[in-house]
Amino acid sequence: MENVVLEVKNLSKSFAHDGGQIHVLTNLNLKIYKDDFTVVMGSSGSGKSTLLYAISGMDKATSGSVIYNGKDINTLKEKEITKLRHTDFGFVFQQMHLVSNLTLFENVCISGYLNKDKKASDINEYATELFKRMDIDEVKNHLPSQVSGGQMQRCAIARAIINKPAIVFADEPTGALNKKNSIEVLDILSDLNNNGQSIVMVTHDIRAAIRADRIIYLSDGNVLGDLRLHKYKKEDEKSRENQINAWLNSLEW
Ligand SMILES: Nc1ncnc2c1ncn2[C@@H]1O[C@H](COP(=O)(O)OP(=O)(O)O)[C@@H](O)[C@H]1O
Ligand SMILES: [Mg+2]
């Protein structure tokens, strides 16, 4: 199974705090595989968000490397990282961070226009296709405040994939959603993954975790557990949930 899209080597991340240092990640090693829907779990404060930001170029690690496409993104210049964020990586957050005075459609297209390699007309066309695929076509000219949380998050996913990124990173994308909206959003993510999209998603929600092909468990700034699962199927939900819960219990989650 050597189809590595991202390789994390000896990654450490510390923050200055109260005159000292907090060591959040310590010499962490991890390979992310292209076909996987990878989920990152761990207790609150275990460093999940820090890891996600450090491996996606959102934040610089203190030391170590993150190899993407043969390059260490931890050593790239700010300008090169920015370009990477606009072309190769997509992001979805718990609080969707949509621009409140732009329509849903504009929110998605603006992200596309940041990629200077593409024509605006192509972006608009692809955005139209995505709005249909995400089933938010009928609200595309609404402002974020005029739609449901689930519709906002589906719009945020469309924004994340408008540039056809190699990897979509999601930090607790269902954390602010009710059950129905969470399922809608997870269905979209599963669907994307079934169509070849690499996904790395942080969550502490079992309902979200059952979508994973693989779950990484973080503890004390390192990988404590690494669970491989079969591809998600709706009919297996209960048995997956039991399997994951048993595994999490064994890790004293
Ligand atoms: N910018 C920062 N400055 C100082 N400490 C931080 C910063 N970001 C995160 N931390 C600390 O790092 C630890 C891990 O945080 P985080 O990655 O957000 O955890 P998680 O997402 O698993 O809940 C926490 O103890 C948090 O307080
Ligand atoms: Mg977090």
Side-chain angles (χ1 to χ4, degrees), residues 6-32 36-66 68 73-74 76 78 81-82 85 89-98 149-150 152-153 156-157 159-160 165 167-178 181-182 185-186 189 198-212 214-227 244-245 247-253:
L6 203 66
E7 183 167 7
V8 181
K9 292 184 187 167
N10 290 318
L11 195 75
S12 296
K13 175 75 182 178
S14 310
F15 294 104
H17 183 75
D18 261 354
Q21 294 274 313
I22 306 182
H23 302 290
V24 179
L25 305 174
T26 46
N27 287 318
L28 187 149
N29 291 288
L30 179 65
K31 286 178 183 169
I32 301 290
D36 277 354
F37 190 146
T38 307
V39 158
V40 179
M41 299 188 85
S43 55
S44 177
S46 58
K48 302 180 297 295
S49 296
T50 303
L51 175 67
L52 201 72
Y53 296 158
I55 66 176
S56 62
M58 296 272 278
D59 196 9
K60 277 244 192 269
T62 308
S63 63
S65 44
V66 179
Y68 171 73
I73 65 167
N74 204 31
L76 292 182
E78 199 48 51
I81 293 179
T82 303
R85 282 201 301 256
F89 297 157
F91 299 89
V92 181
F93 305 94
Q94 178 174 343
Q95 306 301 336
M96 298 81 180
H97 297 308
L98 298 175
M152 270 197 259
Q153 196 57 296
I157 294 171
R159 178 183 59 182
I167 312 175
V168 169
F169 298 93
D171 194 358
E172 310 221 16
T174 59
L177 302 179
N178 64 24
N181 285 329
S182 293
V185 162
L186 291 167
L189 291 173
S198 314
I199 298 177
V200 182
M201 175 178 79
V202 167
T203 190
H204 60 249
D205 179 358
I206 291 283
R207 215 167 42 222
I210 57 170
R211 305 297 177 123
R214 179 189 181 202
I215 307 180
I216 304 296
Y217 189 85
L218 283 195
S219 175
D220 290 334
N222 224 309
V223 177
L224 180 66
D226 188 342
L227 177 71
I244 295 166
N245 271 324
W247 177 73
L248 288 172
N249 284 336
S250 77
L251 296 170
E252 292 176 8
W253 138 272

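Position 1 is the first residue of the sequence, and the numbers go up from there. In each ligand, atom 1 is the first atom listed, and ligand 1 is the first ligand listed.
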Self-check item: Residue of the set T50, T26, D59 for which side-chain hydrogen bond (donor to acceptor under 3.5 Å, both in side chains) holds with K13
Solution: D59
Self-check item: Nearest neighbour in protein (non-hydrogen) for atom 12 (O) of ligand 1
Solution: V24 CG2, 3.1 Å
Quiz item: Which class fits the ring pair F93 and H97: parallel under 30°, tilted 30 to 60°, perpendicular over 60°?
Solution: perpendicular
Exercise. Kindly state if atom 17 (O) of ligand 1 has a protein heavy atom within a strict 4.0 Å cut-off, that is, under 4.0 Å?
Key: yes
Quiz item: Within the distance-only criterion (no hydrogens, no angle test), does the side chain of R85 pair as donor or acceptor with the backbone N or O of G57 below 3.5 angstrom?
Solution: yes
Quiz prompt | Rounded distance (nearest 0.5 Å) linking atom CE of M201 with atom NZ of K48 | solution = 12.5 Å
Self-check item: Distance-only N or O hit between ligand 1 and G47, under 3.5 Å
Solution: yes
Quiz prompt | Over 12 non-hydrogen atoms of neighbours within 6.0 angstrom of CG in D220 | solution = no
Self-check item: For atom 15 (O) of ligand 1, the protein heavy atom that lies nearest, with its residue and separation
Solution: T50 OG1, 3.8 Å
Quiz item: Any idea which atoms of ligand 1 are less than 4.0 Å away from a heavy-atom of S43?
Solution: 22 (O)
Exercise. Give the atoms of ligand 1, by number and element, whose distance to some non-hydrogen atom of S44 is under 4.0 Å.
Key: 23 (O)
Quiz item: So which heavy atom in the protein is nearest atom 2 (C) of ligand 1, and how far is it from that ligand atom?
Solution: F15 CD2, 3.4 Å
Practice problem: Note the single closest protein heavy atom to atom 24 (C) of ligand 1, along with its residue, its atom name and the distance in Å. | Solution: G45 O, 4.0 Å
Exercise. Name the option, out of G42, A54, S49, that contains the heavy atom nearest to atom 21 (O) of ligand 1.
Key: S49
Practice problem: For the pair S46 (side chain) and S219 (backbone), establish whether a donor and an acceptor sit closer than 3.5 Å, ignoring hydrogens and angles. | Solution: no
Exercise. Kindly confirm or rule out an N or O of H17 lying under 3.5 angstrom from an N or O of ligand 1.
Key: no
Quiz item: With a cut-off of 2.8 Å, does T50 place any N/O/S atom under that distance from the Mg ion (ligand 2)?
Solution: no
Quiz item: Sub-3.5 Å donor-acceptor pair from the side chain of D36 to the main-chain atoms of T38, do we have one?
Solution: no
Quiz prompt | Polar side-chain atom of D226 near backbone of I216 as donor-acceptor pair, under 3.5 Å | solution = no
Quiz prompt | Is_contact(atom 6 (C) of ligand 1), protein non-hydrogen, under 4.0 Å | solution = yes
